[in-house]
Every structure is written in C-alpha cells, then in structure tokens.
Amino acid sequence: MAMNESKDFLRTKVEEDLKAGRYTHVVTRFPPEPNGYPHIGHAKSICINFGIANDYHGECNLRMDDTNPTTEDTQYVEALKDAVEWLGFEWEGGVRYTSDYFERLYEYAMQLIKMGKAYVDSLSEEEIREYRGSVTLPGKRSKYATRSIEENVELFERMKKGEFADGQHVLRAKIDMSAANMQLRDPLLYRIRHTSHQRTGDTWCIYPMYDFAHCLSDYIEGISHSICTLEFENNRVIYDWILDTLGLTQQRPYQYEFARLNINYTVMSKRKLLELVNKGLVSGWDDPRMPTLAGYRRRGYTPQSIVHFCDTIGIAKANSIVDVAQLEFAIRDELNLAAPRVMCVLNPLKITIENYEGSELLEASYYPEDVPKEGVRLLPFSKEIFIEREDFDENPPKDYYRLTPTQPVRLKHAYIIECKEVIKDTTGKIIQLKAHYYPNSKSGEDRSGIKVKSAIQWVEEKSAKEIEVRLYDRLFEDESPKGSEDISPYSLKIIRNALIEPAVIDTKLDERFQFERLGYFYADPIDYSDKHPVFNKIVGLKESWGKKAQSTQPNKMEKKVQIDGKVVPMSQAQHAFFEHYTHTLGLNSEIANTLARDERLSSFYAQTLEEFNSPIPLANTVANEVARELKDKTLKELKFGAKEVAQLIKMVEDEIISSKIAKEVFEEMAKSGEAPQTIVQIKGWMQISNPQILQSIIDEVIAKNPDNVAKYKAGNTKLFGFFVGEVLKATSGKANPKMVNELVGKTLQS
RNA sequence: UGGGGUAUCGCCAAGCGGUAAGGCAUUGGUUUUUGGUACCAAUAUUCGGGGGUUCGAAUCCCUCUACCCCAUCCA
C-alpha cells in the first residue's frame, strides 16, 4: 500500500541510519511490563515497532519488562502475547524477558561499582527523597556516596545474598546531584525486594530499576532503535550515560520517543481501567466497551481494522487526542466490503398484509450491488411480518422517508406496502398495522411504477428467530472522561428478543453481519449458542439523517486573546550597547536588541565591524545566522571568524553573490571553515545578473507551465513565487533574485 | 520557579526558504431497493501571538504565550 508519500519521523531516522551505514539491520522491540491488559495504546506501539521492523526487513523482539515482581503476573504475559499475535505480528525468536538478563545486569552493575560510578546508599526512602532536592533546588549527595569501591562491592554482594531487609540499601549511579534534569541526580539502579518473582522465583532478592535494565536489555538484544513514549524523554540521558559509561558504544541502541495514543470518550490508563473492572462497572477486561484489545476483539473489531487505524493516526511528538470517529471509520470501512447484509428487527411492530395470502421464499443477495461479493439466501415471506417500530410514524416530521399512513415504503427484497389502518391499545400505543401490498411490485420485477422514498428491513413472523442483541455505545459520555464517574448510562442496552431472519442462525455464513440499516454486529464468541444466539453491536452505520437537527454549530471562532508577557529588562551595559546600535549605527531595534542582550553576539559583531564597515548588513547576519550557530556551540567552537563573515558580506555588497547564495556559503563556512571566496570559487556560485540569460530562462519556465500562467493571470498572485522559484531552481540558485523578480513581473504582465 | 518537550483546519497529520499534501469529521450534489457505500464538490489568503532577516518565511533569528513530562526503592 503506497498510501502516503510522507514518512513519520521514526522511519525517516531509520532510513537515515541505514543509509549512513550506522546499522546494517534494524532491530526493534516491543517491551511491555506484564502488569496489565494491553489496550489500543499498546496496539499503536506494537504497530510502530513491528511495523518498522517489517518495513525495513529487520526484526522485532517481544520482551517482557519484568523488573518489578510486586506488580507483575504471568496472566498478563499471556495477554500480551495474544495481543501481538492477534494483530498479526511475529516476534523474533522466543519471548524475551528482562529477567533472563538478571545475571548479566548484575555483572554490569558490579562493573560500574568497580569503576567508581555506582555506590551503595543506605539512606532511608524518605531521606533519599529529601536529598534529591526539587525541580528548582539542587539536591545533595548522600554521605554514603564516599564509600570505597571495596566496601561497595562487598555491600552489593551481600545485598544479592539476601543479608539485608527491603529498603535497607540501594545501589545508585554516581552522576550529579545538582543536575537540572532530575533523572541524573544519582538514579537508583537496584533495590532489595524479598519477593518471589514470577519467573526467577526466589533466586533474586535484588531487582534492577527500569533505567538500568532497559538500555542494557536493548543492548544485549542488539536493538538498533529503541522506541518508547514521550514520558521517557527525560530518561534518555541515563540510557546514554549507562551505555557510554560501560563502554558499550559499538552498535549500541538509541532511544526515540513518540506521543502515546489518546482517544476521546475513552480512558487509557491502566489504573482507571483496573478500577472499572474492580468496581464491576464493566463485565471484565474483555467487556466490549473496554479499550483493551480483548474488549475490541470481543466487540467484533478485526485486528486488521485496528492496525489500519494505527496506520492512519500517524506518529509524531505532539500530545494529541484522536477522535473515536476515526477508529469507527476503520472498522466500518473494512466491514462495508466484507460483511453480509441481513435483516433484523430490534423493536418489532407487527404488520398484517391483508391482501396477501399464502407464503413464498424470496431470493435475496447478501451483498449490495456495490460490494463485489456473491451469495444469496432465502427469505420467507407471508402476510404476518414485523418491521422496526421506528420505521412507521403516524405524524411524521418533515423529510421522513419511511412508512406513514399516506406514504408507502418498500420491504427490502420484497414488495411495496402501504398502511391501511393503525391499531392502538387503550393507552393509545400503536400495537399493530394493517397494510396492503402491491402484487406487481416484487423486488427485481417491479412493474408497479410506484416511487418509494425508502426500503426498510423486516422479518416474517413464523420463521423469524429470537436473538439477544447487545447494543454497545461509547463507555463515557464525557469527551475527556475522568474515570468511572463519567460512565454513560447508554453504553449498553440489551435487547433480549430481537427478531432476525432465519438464514443468519441456520446458515452461519459469517461471524460478522451488517444488520441492514442498523449497523455491524458480531456473534459473541463466548455467550453465543444455537439455542440462545447473542450478537454484539460493533458499530452503527454512519447516520446522516437526524444529525442535521441536533448538529450544534461549532462555536464561532472566538479569537483567543494572547497575553504578552513581560520581557526582562536590559542591564545597563546592554542598554548602552542598544543605544549605540540604534543611534550611532542605525540598526533597527529588533536586531539591536538581539545583539545587545547576547555578549557573544555583541563581541562577535564588534569584531566584524573592524573588518568591514557595513554595520547594518553585518548586524543582520550576526543576529540571524551567527546566532543560529551559537545556539549549540560556543564562540570558540565556531569554524569561522569575524573576518570570514565580513568577507562574505562584502561579496554580497559587491554583488558578486546574492543574499540567497550568501546563506549557502555561510552554511558551508560553518561546516568546513573554508574562506567564503574559496567556497564561491569551488562551487561556482557566481551570481547571474545578465538580463538576457535570465530572460531566456524565464521564458522557458513560463512556456513549461501554461496552467500556472493561466491561474496567475486569473488572479492567483501567490503563483508569483512559484515562477521565481522555478527560475532560481533552474540556475541552481545563482540567478540574481531581485532581477528575476523584476523580469518575471514584467514578463507575466505582457 | 530549573530542566526536557510540543504548538499547521473541529480531530489526526505532511511540510525542512519558492503554489499550505492527505485522512477523519462537517456541508452541498450525483448514483443507490441500506437516510449505508461509491463518486463529485466545498471547506486554512494562512501555520500559537508579536517583531526581525530575505526578492520571497509555516520553514531562519529574537521574543512572548499556552499545554505536556520530570522531585516512586513504578515503568
């Protein structure tokens, strides 16, 4: 499927790495912690990791990140494996476990200790917290950080042997207690837990922390790209620190982060999901309203539809909330082409067709004309039938297409009928209709000439089967639900005696059907039996009628008021610079401001002025281009100096090169440190300012793009830039842009 | 308040100095024995705000704003 030309940033990175030869082989991993049931957010991660591995002919491992024995359980391991398989992916080799690496991890920890890069701390939990400081205050180091290597080795060995109680000691990396990034304040590497582990049993009583175990597990498995969610961005520095410190730098993995999936009307956190289950608000982890994969599966979503959904939502770093409608679209889109159409009546209203006698079997296609699938079933028909109560209205609203006392309707696959009498009970409730049919209106051989507005579903009384239908709707009413308190009372409606045409039950053509005009339904994999068929509503059909009435106008764009914050005032010295720049040198206040506030820029600027007296152009270049280089470099690290910048500007002033070329020369200069003249000469970047040459190129461009010329002449002035751009492209940027502008303007006018 | 991120249509999302992709949703219309599907069309003079650089800025520079993450012996 070559759907989108555009690639996500992860794939872009992988391609770059492959091309640059940093890796010959892509290895990713899906590393869940087995402490909860996988949900659709996991599906996104699975699709990314396995998807990338597939796309680049690499592999993806499935690894259980089981470093915390107090919260993890084997039942989740099974659920996770199921989820990956169900979605149709295959992991490389057997399932991996972080616990498989405990021995090696222990050795790496020992290595760090011996390097003096890790120490056993014996502070209490509260003390550790206190010592860590806060986001604004630096922390302070534990007195135990000064223990000798020998002492640390011995203590860590004894921790392993189980000589200490939980919490008595921990192993920490020795990094920086005053680091601005909190993660770097001597992160914990190991803690004591006298808890039996689901796989290693009682072999270990010390367990590695995520930060320590994850990067090393990735390294051990030969992972090339370690992809995780945004909240681990801050942890990346430790990931790198551990690998680098241990010298594991060859073919090492790097971490990349993407935004986790959020969907409106849905909760995704393990905690909230667990709460729903524990409080009995749903029937279990596989309740069809749950966003768990087990839930979607039971509801009737296909794995392909979930994968397709994941493909459509994209991968990026912006926190976002995807509209459920997008998920619903994915399953509808698939089922539209796959599901047989069948007739079911949820809320029956009986009709007696007074002028019909006997019975017949009508042949009806399972699929509409526009679905390229074949298959038919027989529909019993007689004078006693049921239609949907909603499909009759005695006092219809405007634009009601269905049956009314004066409006006939077609019974799908059968005849056109019209209402003759409405029978009500004493309370006024309609209990039955009497109708007449048109004998010559039979479906497929209609000679009645009657135009009906719609065709409705129906079932024949004697042959219809009773089924249970579970009508599921979104679990939460609130678009961004907090939790169980927002549960929608309409999320489940059970209809115990809906009526369905017999073929569905007798033939069992499929597990998923479209109940015509109602939606897509799925035979419940657990509760369904021949005696008591149960169908789950997967998703309704798209509805366009009735929507108009309630469609709330999206509130007229209220302009968001932007508050302008206070700018920190300039120091006296800065102010002096500013004054000098604006008054003496004639710089505009913005450039003057930028220069004045940054010491490095102002001193650099002063140096350029000594080389070449052209204050304004030099200021512009320093405040823009040089400032960019200085963002992640120091003055000393710059490959070029004031002299080169001055020379560059002089070439622009002398009209040897255009400002566009100057930009490229500058970039080259910053990279190689070469003198600007040399760069221009080597690259042959001399400006083309010969009007004859330019004009011929312009004529060519114009001749090649008659459509755009027409559009331009019709008023699309934006296209001006297009023509200029084309000409510049044709000359590899060497054309004098000012002149091109002028000439293009003139040419297009004529 | 320190650090790390993010901001392009109602919702996702491309875009990397030269005509603002695409999908979902919405709105018209055409086909239709599903108020479905399919098809056609509409929908950002503008990219969080303000300045600046440039012939030309969503893209480069400055600045402000909003939101998310980090102070578990969780992952």
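Order of the sequence lines sets the chain letters (A, B, ...), proteins ahead of strands, with each chain counted from 1.
Nearer to the 5' terminus of RNA chain B, by closest-nucleotide assignment, is the contact made by A:Lys442 (compared with the other of A:Asn593 and A:Lys442). Between A:Phe515 and A:Arg597, the residue anchored nearer the 5' end of RNA chain B, judged by the nucleotide with its closest heavy atom, is A:Phe515.
Side-chain atoms of A:Glu328 and A:Gln326 form no donor-acceptor pair, as typed in the model, at a separation below 3.5 Å. Under the 3.5 Å distance criterion, with hydrogens and angles disregarded, no donor-acceptor pair is assigned to the side chains of A:Asn588 and A:Glu590. Checked by atom type, the side-chain pair A:Asp66/A:Ser99 shows a donor-acceptor distance below 3.5 Å. Side-chain atoms of A:Arg597 and A:Gln574 include no donor-acceptor pair closer than 3.5 Å. Of the N and O atoms on the side chains of A:Asn234 and A:Asn181, not one donor lies less than 3.5 Å from an acceptor on the other residue. In the model, A:Asn319 has no side-chain atom that pairs as donor or acceptor with a side-chain atom of A:Arg260 under 3.5 Å.
Between A:Asn624 and B:rG52 there is no side-chain polar atom (N or O) within less than 4.0 angstrom of OP1 or OP2. At B:rG36, one or more side-chain N or O atoms of A:Ser544 fall inside 4.0 Å of OP1 or OP2 (strictly under the cut-off). Between A:Arg332 and B:rG36 there is no side-chain N or O to OP1 or OP2 distance below 4.0 Å. Contact annotation: A:Lys718 side-chain N/O to B:rU46 OP1/OP2 distance is not under 4.0 Å. Remark: A:Lys542 is not in phosphate contact with B:rG35, judged by side-chain N or O atoms under 4.0 Å from OP1 or OP2. Taking only side-chain nitrogens and oxygens, A:Asn588 comes nearer than 4.0 Å to OP1 or OP2 of B:rU53.
Under the 30°/60° scheme for interplanar angles, the aromatic rings of A:His214 and A:Tyr239 are found to be tilted. Between A:Phe164 and A:His169, the ring planes lie perpendicular to each other; the angle is over 60°, past the 30° to 60° tilted range.
Counting to the nearest Å, the C1' atom of B:rG35 and the CD atom of A:Gln457 are 12 Å from each other. Distance A:Phe258 CZ to B:rG5 P: 18 Å, rounded to the nearest Å. In this structure, A:Asn705 places its CG atom 16 Å from P of B:rG18, rounding to the nearest Å. Summarising the geometry, the separation between CZ on A:Arg628 and P on B:rG17 is reported as 10 Å, rounded to the nearest angstrom. Rounded to whole Å, atom C1' of B:rG36 lies 19 Å from atom OH of A:Tyr366. Separating the OH atom of A:Tyr400 from the P atom of B:rG35 is a distance of 11 Å, rounded to the nearest angstrom. The distance from atom CG of A:Leu587 to atom C1' of B:rG52 is 12 Å, rounded to the nearest whole Å. Taking atom CG of residue A:Leu595 and atom P of nucleotide B:rU63, one finds them 12 Å apart after rounding to whole Å.
Separating the C1' atom of B:rC47 from that of B:rG17 is a span of 15 Å, rounded to the nearest Å. Rounded to a whole angstrom, the distance from the C1' atom of B:rG15 to that of B:rC60 is 16 Å. With P as the reference atom, B:rG22 and B:rU54 are 34 Å apart, rounded to whole Å. Atom P of B:rG49 sits at a distance of 28 Å from the matching atom of B:rU26, rounded to the whole Å. A gap of 27 Å separates the C1' atoms of B:rG4 and B:rC11, to the nearest Å.
Closest contact between the side chain of A:Ala627 and the listed nucleotides B:rA13, B:rG36, B:rC61 involves B:rC61. Side-chain proximity of A:Lys660 to B:rC12, B:rG18, B:rU34: nearest is B:rG18. Considering only side-chain atoms of A:Glu233, the nucleotide from B:rG18, B:rG5, B:rG48 that sits closest is B:rG5.
In this structure A:Pro706 satisfies the side chain to side chain contact (heavy atoms under 4.5 Å, CB included) test with no other residue, sequence neighbours excluded.
Partner assigned to B:rU30 is B:rA38, using Watson-Crick or G-U wobble distances below 3.5 angstrom. Base-pair partner of B:rG2: B:rC70 (Watson-Crick or G-U wobble, both distances under 3.5 Å). Across every strand in view, B:rA20 sits unpaired, with no contact that passes the Watson-Crick or G-U test at under 3.5 angstrom. The partner of B:rU43 cannot be assigned: no Watson-Crick or G-U wobble pair with both contacts below 3.5 Å exists in any strand.
In this structure, A:Glu334 contributes its side chain and A:Ser305 its backbone to a donor-acceptor pair below 3.5 Å.
Applying the 3.5 Å distance criterion, the base of B:rG48 shares a donor-acceptor pair with the side chain of A:Gln562. Between the side chain of A:Ser443 and the base of B:rU33, a donor-acceptor pair under 3.5 Å is found. Judged by distance alone, with hydrogens and angles left aside, A:Gln514 brings no side-chain donor or acceptor close enough to the base of B:rG36 to form a pair under 3.5 Å. Counting distance only, with no hydrogens placed and no angle test, the side-chain atoms of A:Asp564 and the base atoms of B:rC64 include no donor-acceptor pair under 3.5 Å. No hydrogens or angles were tested; on distance alone, a donor-acceptor pair under 3.5 Å links the side chain of A:Arg410 to the base of B:rU33.
Nucleic acid contact class of A:Gly725 (heavy atoms, under 4.0 Å, all strands): base. Within the nucleic acid shown, A:Lys631 comes within 4.0 Å of sugar-phosphate atoms alone, with no base atom in reach, counting heavy atoms only. A:Ile321 comes within contact range of the sugar-phosphate backbone alone, with a heavy-atom separation under 4.0 Å but no base atom that close. Looking at heavy-atom distances under 4.0 Å, A:Asn708 makes contact with a base. Within the 4.0 angstrom heavy-atom criterion, no nucleotide atom of any strand lies near A:Gly139. Residue contacts shown for A:Leu719 include a base, since a base heavy atom lies under 4.0 Å away. Contacts of A:Lys412 with the nucleic acid, taken as non-hydrogen atoms under 4.0 Å apart, include base atoms. Counting non-hydrogen atoms under 4.0 angstrom, A:Phe329 reaches the backbone sugars and phosphates but no base. Within the nucleic acid shown, A:Ile315 comes within 4.0 Å of sugar-phosphate atoms alone, with no base atom in reach, counting heavy atoms only. A:Tyr367 comes within 4.0 angstrom of no nucleic acid atom, judged by non-hydrogen atoms across all strands. Note on A:Lys453: nothing from the nucleic acid sits closer than 4.0 angstrom, heavy atoms only. Using a 4.0 Å heavy-atom criterion, one finds that A:Asn336 contacts the bases of the nucleic acid, with or without backbone contacts as well. A:Leu541 comes within 4.0 angstrom of a base, heavy atoms only.
Applying the 90° criterion around 0 to the glycosidic angle, B:rU72 comes out syn.
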Exercise. Could you give me the CA-CA distance, side-chain angles and deciding distance for A:Arg63 and A:Asp218, then say whether salt bridge (charged side-chain N to carboxylate O under 4.0 Å, His left out) is met?
Key: CA-CA 10 Å; A:Arg63 177 167 78 233; A:Asp218 283 346; 2.6 Å; yes
Quiz item: How does protein contact run along nucleotides 68-75 of chain B, one letter per nucleotide 5' to 3', with B for base contact, S for sugar-phosphate only, - for none, heavy atoms under 4.0 Å?
Solution: SBBBSBSB
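Stacking is found between A:Tyr401 and the pyrimidine-like six-membered ring of the B:rG35 base under the 5.5 Å centre-distance and 30° plane-angle cut-offs.
A:Thr98 OG1 to A:Phe212 CZ: the interatomic distance, rounded to the nearest 0.5 Å, is 12.0 Å.
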